[in-house]
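Remember, it's 1-based here, ligands and their atoms both numbered in the order they're listed.
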Amino acid sequence: MDDPDELAPAVRSILSAARDRADAAATEAVSVAPRDLAAAFERAEADGRVPVIAEVKPTSPTTEGTREDDPVALAEEMVAGGAAALSVLTEPEHFGGNVETVARVRDAVDVPVLRKDFVVDEAQLDAVESDVVLLIARFVGDDLPDLLAAARERGFQVLVEVHDRDELAAAIDAGATTVGVNNRDLAELVVDLGTFESVAPHVPDDVTLIAESGIGSPADARRMRAAGADALLVGSAIMDGDVEANTRALTRAEADEDDDADPTADDTTDTTETPT
Ligand SMILES: O=C(O)c1ccccc1NCC(=O)[C@H](O)[C@H](O)COP(=O)(O)O
């Protein structure tokens, strides 16, 4: 990992808490039979939905307040809104998450569930079963190949998160097949959708590519898709207000634009002939 002093104070605090939790991590290795993430994206595409990983994110260092609703109810609303997969924050101190929520959400829905946390140590992988785990290239540094292998041995699919071309190269060298480009700079906590646009052209075609963070509107969703995103990971914009409607607006971002461009595509239009 590069110089921790270059990270935002909130992120240093997140990492320090993650290391403390690693000390108390489980000792028995989990064994997962995962739901296929790529297949879930394909199902969404076939159905005319933008593949969206909707994130259960009660709070965060860049969010005001905490959403106190039952996370399982929120997860079900996300699926009703067309989410192809879910992400559940399990970091307790800065994001209001916990590992029990992943298990409850996974029991309640049939889409793949990503456990979103700041894993820095192999034993942390055993805290709970999920279909996908996140490894952040910047945080795990040279341990990425070993952690990737350890996660796969347990059956997890792995989303490797990068922020620039050097991290992308490290992810590809380590054998990552699903890569997320985070638009949020963890040094400044500033979001710039141009990050995805600058890194995406360098991602090999056989890698499943996910645009993460800062996607706030259907126009943003279309922008990320035009830049090559196979799927989008969205938290704040979905959690702010009506979760089902917010999810639907993003999963329908392309279908709704097609409908706008072609009024005859509106399936509510009555095409029966009126007798004269
Ligand atoms: O979201 C934050 O404030 C944050 C701060 C520090 C480190 C990580 C952070 N977010 C983690 C995430 O990966 C996002 O929750 C995820 O990409 C969704 O982002 P968004 O749609 O912008 O909520």
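- Residue Asp117 holds its CG atom at 4.5 Å from CZ of Arg21, rounded to the nearest 0.5 Å.
- Leu134 pairs in a side chain to side chain contact (heavy atoms under 4.5 Å, CB included) with only one of the listed residues (Leu233, Leu159, Val160), which is Leu159.
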Distance dump, ligand 1 polar atoms to protein, N/O, under 3.5 Å:
residue	atom	partner	partner atom	Å
ligand 1	1 (O)	Lys57	NZ	2.7
ligand 1	1 (O)	Arg184	NH1	3.2
ligand 1	3 (O)	Ser60	OG	2.9
ligand 1	3 (O)	Thr62	N	3.2
ligand 1	3 (O)	Thr62	OG1	2.4
ligand 1	13 (O)	Lys116	NZ	2.4
ligand 1	15 (O)	Glu55	OE2	2.4
ligand 1	15 (O)	Lys57	NZ	2.9
ligand 1	17 (O)	Ser213	OG	2.7
ligand 1	19 (O)	Arg184	NH1	3.4
ligand 1	19 (O)	Ser213	OG	3.4
ligand 1	21 (O)	Gly235	N	2.8
ligand 1	22 (O)	Arg184	NH2	2.8
ligand 1	22 (O)	Gly214	N	2.9
ligand 1	23 (O)	Lys57	NZ	2.6
ligand 1	23 (O)	Ser236	N	2.8
ligand 1	23 (O)	Ser236	OG	2.5

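- To the nearest 0.5 angstrom, Arg138 atom CZ is 11.0 Å from Asp166 atom CG.
- Residue pairs meeting the side-chain hydrogen bond (donor to acceptor under 3.5 Å, both in side chains) criterion with at least one member in residues 168-181: none, sequence neighbours excluded.
- There is no path of hydrophobic side-chain contacts, each under 4.5 Å, that joins Phe196 to Val190.
- Paired with His202 under the rule side chain to side chain contact (heavy atoms under 4.5 Å, CB included), one option of Asp164, Leu168, Val181 passes, and it is Leu168.
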